[in-house]
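Quick caveat, the model's predicted, so the values are computed rather than measured. Lettering follows sequence order; numbering is per chain, from 1.
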Protein chains: 2
Amino acid sequence: MTVSRVLRDKGYVSKNVTEKVLKAAEEIGYVRNNLAGSFAEQSTNLIGVVIPSLSNSVFTEVLSGFEDVIHESSLQIAISVSHYDQQREFNLVKDMLAWRPAGIVLTGMEHDERTRNLLKQNNVNTIELIDVDGQPISKCVGLSHRSAAEAMASHLIENGHTRFGYVGSALQVDERAKKRKIAFEQKLADNGLKIERTALSPEPSSMLLGRQLTAEILQDNCQPIALYYSNDDMAAGGLLHCTSQGISIPKDVAIASFNGLEFLDAMPMRITTFKSPRYEIGQIAGRYMLGEIDDRITQLSGELLIGDTT
Amino acid sequence: MTVSRVLRDKGYVSKNVTEKVLKAAEEIGYVRNNLAGSFAEQSTNLIGVVIPSLSNSVFTEVLSGFEDVIHESSLQIAISVSHYDQQREFNLVKDMLAWRPAGIVLTGMEHDERTRNLLKQNNVNTIELIDVDGQPISKCVGLSHRSAAEAMASHLIENGHTRFGYVGSALQVDERAKKRKIAFEQKLADNGLKIERTALSPEPSSMLLGRQLTAEILQDNCQPIALYYSNDDMAAGGLLHCTSQGISIPKDVAIASFNGLEFLDAMPMRITTFKSPRYEIGQIAGRYMLGEIDDRITQLSGELLIGDTT
DNA sequence: CTGTTAGCGCTTTCAA
DNA sequence: TTGAAAGCGCTAACAG
């Protein structure tokens with residue numbers, strides 16, 4: 001017990017003994033056994049985080065903000081990847097719960113019903129990231145993808161665009177992109193307008209795919225048209241297609257997207273997009289974990305970035 | 001015990017009892033306590049991974065490959081971020097060892113001596129990623145940054161370049177970039193050449209920084225010159241500076257870099273770079289973890305990508 | 001300030 | 001095929 005007290009710096013131990021214990025621990029290279037310790041304490045400092053993918057910088061930027069806040073505390077982050085699969089997410093959450101984590105962080109508001117039940121029944125401190133359009137299991141922080149899409153639709157309408165196309169990828173798994181598309185269409189409808197053409201692919205988004213789908217959607221000369229993309233990668237591909245074809249932007253083809261990723265700075269033209277506050281979402285999630293925020297929902301606003309393509 | 005057997009599907013239990021147990025577990029929403037279980041087993045399925053940063057896609061791409069291999073097994077990944085700080089890395093490794101992980105994954109070959117000792121003494125299955133120029137603690141997989149830089153130097157020399165500049169960032173913490181710079185200089189020296197100008201910054205690399213440092217290095221008209229950059233972000237910024245200034249590429253300024261990141265596809269010109277096999281490194285690290293590889297060192301080659309800028 | 005006792009929930013081993 | 005006993009290394013609670 002005395003050793004335990006010294007090592008945890010808890011309770012009173014004489015200076016003399018403290019030194020001896022510390023020295024001995026150093027000598028034998030003692031490493032605490034968290035399995036035993038946390039087991040005895042019936043709690044851990046682990047936070048289970050589930051994100052859809054590690055190769056989409058949207059999620060790693062959020063993670064980065066989360067980590068920057070968390071890493072000053074004694075909490076540890078354990079990351080799992082759901083590959084956009086709610087069934088897999090459920091299994092991951094179940095596995096994580098077995099470690100009795102201090103908290104769970106999920107991406108998005110759409111989950112398997114069993115996941116929600118599991119988390120609620122076990123009364124786990126849960127935070128959902130990136131989206132706020134829905135009922136959180138416990139807490140959530142993000143932006144309204146509906147509002148973001150509406151803002152973009154309004155911007156295009158105000159700029160006098162009357163014909164619209166949509167270019168998207170992986171909508172069957174990307175719930176946020178799906179919400180944006182629906183809200184965009186709705187806003188157009190409110191103004192007596194509609195999406196005339198759509199190019200979709202189940203593949204993950206990429207510049208190459210954006211380029212291909214844009215070529216497809218423009219093949220029968222429907223210009224002038226304003227294209228709304230599911231995200232920046234797709235839109236960047238679209239821009240490359242247009243410039244290579246000598247298509248006038250934004251006169252013949254306008255380009256608008258979502259995310260506001262940094263790589264857009266590399267493009268020859270500034271693409272109009274909607275910047276999602278990714279790093280900030282992560283930071284706030286971190287502060288939720290540290291108990292610094294109580295609100296059930298934190299809605300961040302994001303920002304419409306008007307570039308040269310609309 | 002019978003319950004334990006059913007839940008782990010281990011040993012013989014009658015069908016009748018098995019069903020009853022499974023049903024009861026389902027009803028009460030039983031979740032195994034890994035703290036108790038792993039404690040009793042004296043082992044875990046956790047793999048501790050330490051990477052320098054989550055906001056550098058080099059590391060998340062490696063992680064992605066690692067995860068893709070690992071996630072078919074029963075192993076779990078716990079990620080920590082060292083912020084390029086060896087002291088912090090040591091603390092993270094120590095914290096991870098407290099969980100008695102099935103393995104540890106580190107980035108690079110340069111670590112605090114205490115980290116190496118800790119890992120060796122505890123006989124932990126350790127894998128070092130991305131670099132192979134050095135003595136691994138246990139196993140490592142990566143590419144030779146020396147060779148990559150030498151290949152680029154040779155390419156530039158063969159193309160007739162005779163004057164050289166170097167643009168880099170964060171060399172005090174980026175050991176791989178440092179190795180590349182040294183090897184590049186050495187190769188030049190072997191050919192009676194040298195780096196005439198250097199622009200360095202302690203800031204993390206970014207396109208903006210690359211742009212600024214390139215402006216700086218070119219301010220007193222030293223063209224023609226071949227610039228070697230610490231990585232793609234910096235080089236992309238350099239390219240943007242040159243195109244905006246109407247500088248002829250590669251005639252007046254040649255640009256060469258390292259990594260071969262995907263965002264280069266967005267650039268108006270294909271930058272000459274050296275593609276590091278990031279995803280593959282992660283995959284192989286995963287196979288190391290699963291015990292599918294025994295070699296102490298796996299050296300991957302990478303690829304010189306000759307673009308329009310050299 | 002130091003020590004004793006009991007127990008965390010599971011698994012390994014042995015016995016029936 | 002099932003069960004009983006013991007123990008993993010630590011900490012909370014209490015006693016001295």
Salt bridge check, A/K179 against A/D131: does any charged N sit closer than 4.0 Å to a carboxylate O?
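Yes, this pair counts.
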For the pair A/E175 and A/K178, find out whether any cationic side-chain nitrogen is under 4.0 Å from an anionic carboxylate oxygen.
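Result for this pair is yes, salt bridge flagged.
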Please state how far atom [atom1] in [X] lies from atom [atom2] in [N], giving the value in whole angstrom units.
X: A/R100; N: D/dC10; atom1: CZ; atom2: P; answer: 21 Å
X: A/N33; N: C/dC10; atom1: CG; atom2: P; answer: 17 Å
X: B/Y30; N: C/dG9; atom1: OH; atom2: P; answer: 10 Å
X: A/K10; N: C/dT2; atom1: NZ; atom2: P; answer: 18 Å
X: B/K15; N: D/dT2; atom1: NZ; atom2: P; answer: 13 Å
X: B/R5; N: C/dG9; atom1: CZ; atom2: P; answer: 20 Å
X: B/M1; N: D/dT2; atom1: CE; atom2: P; answer: 11 Å
X: A/W99; N: C/dG9; atom1: CH2; atom2: C1'; answer: 13 Å

On DNA chain D, compare the nucleotides closest to B/Y12 and A/G37; which residue's is nearer the 5' end?
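Its nearest nucleotide lies further toward 5', so the answer is B/Y12.
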Phosphate oxygens OP1/OP2 of [N]: is one of them under 4.0 Å from a side-chain N or O of [X]?
X: B/R8; N: C/dT12; answer: yes
X: A/S14; N: C/dC1; answer: no
X: A/S38; N: D/dC10; answer: no
X: A/S4; N: D/dC10; answer: no
X: B/Q42; N: C/dT12; answer: no

Does B/R32 reach a base, just sugar-phosphate, or nothing at all? Heavy atoms under 4.0 Å.
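It contacts sugar-phosphate atoms only.
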Does D/dC8 have B/F39 stacked on its base, where the ring centres are within less than 5.5 Å and the planes differ by under 30°?
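So B/F39 counts as stacking on the base.
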B/A40 side chain: which of D/dG9, D/dG3, D/dG7 is closest?
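The answer is D/dG7.
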A/N33 side chain near B/W99 side chain, heavy-atom distance below 4.5 Å:
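A/N33 does not reach B/W99 side chain to side chain.
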Quick check with a 6.0 Å cut-off and a 45 degree axis cone: is A/R180 positioned over the face of A/F258's six-membered ring?
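Here A/R180 passes the 6.0 Å and 45° test against A/F258.
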To the nearest 0.5 Å, what is the distance between CD1 on A/I127 and CD1 on A/I284?
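A/I127 CD1 to A/I284 CD1: 10.5 Å, rounded to 0.5 Å.
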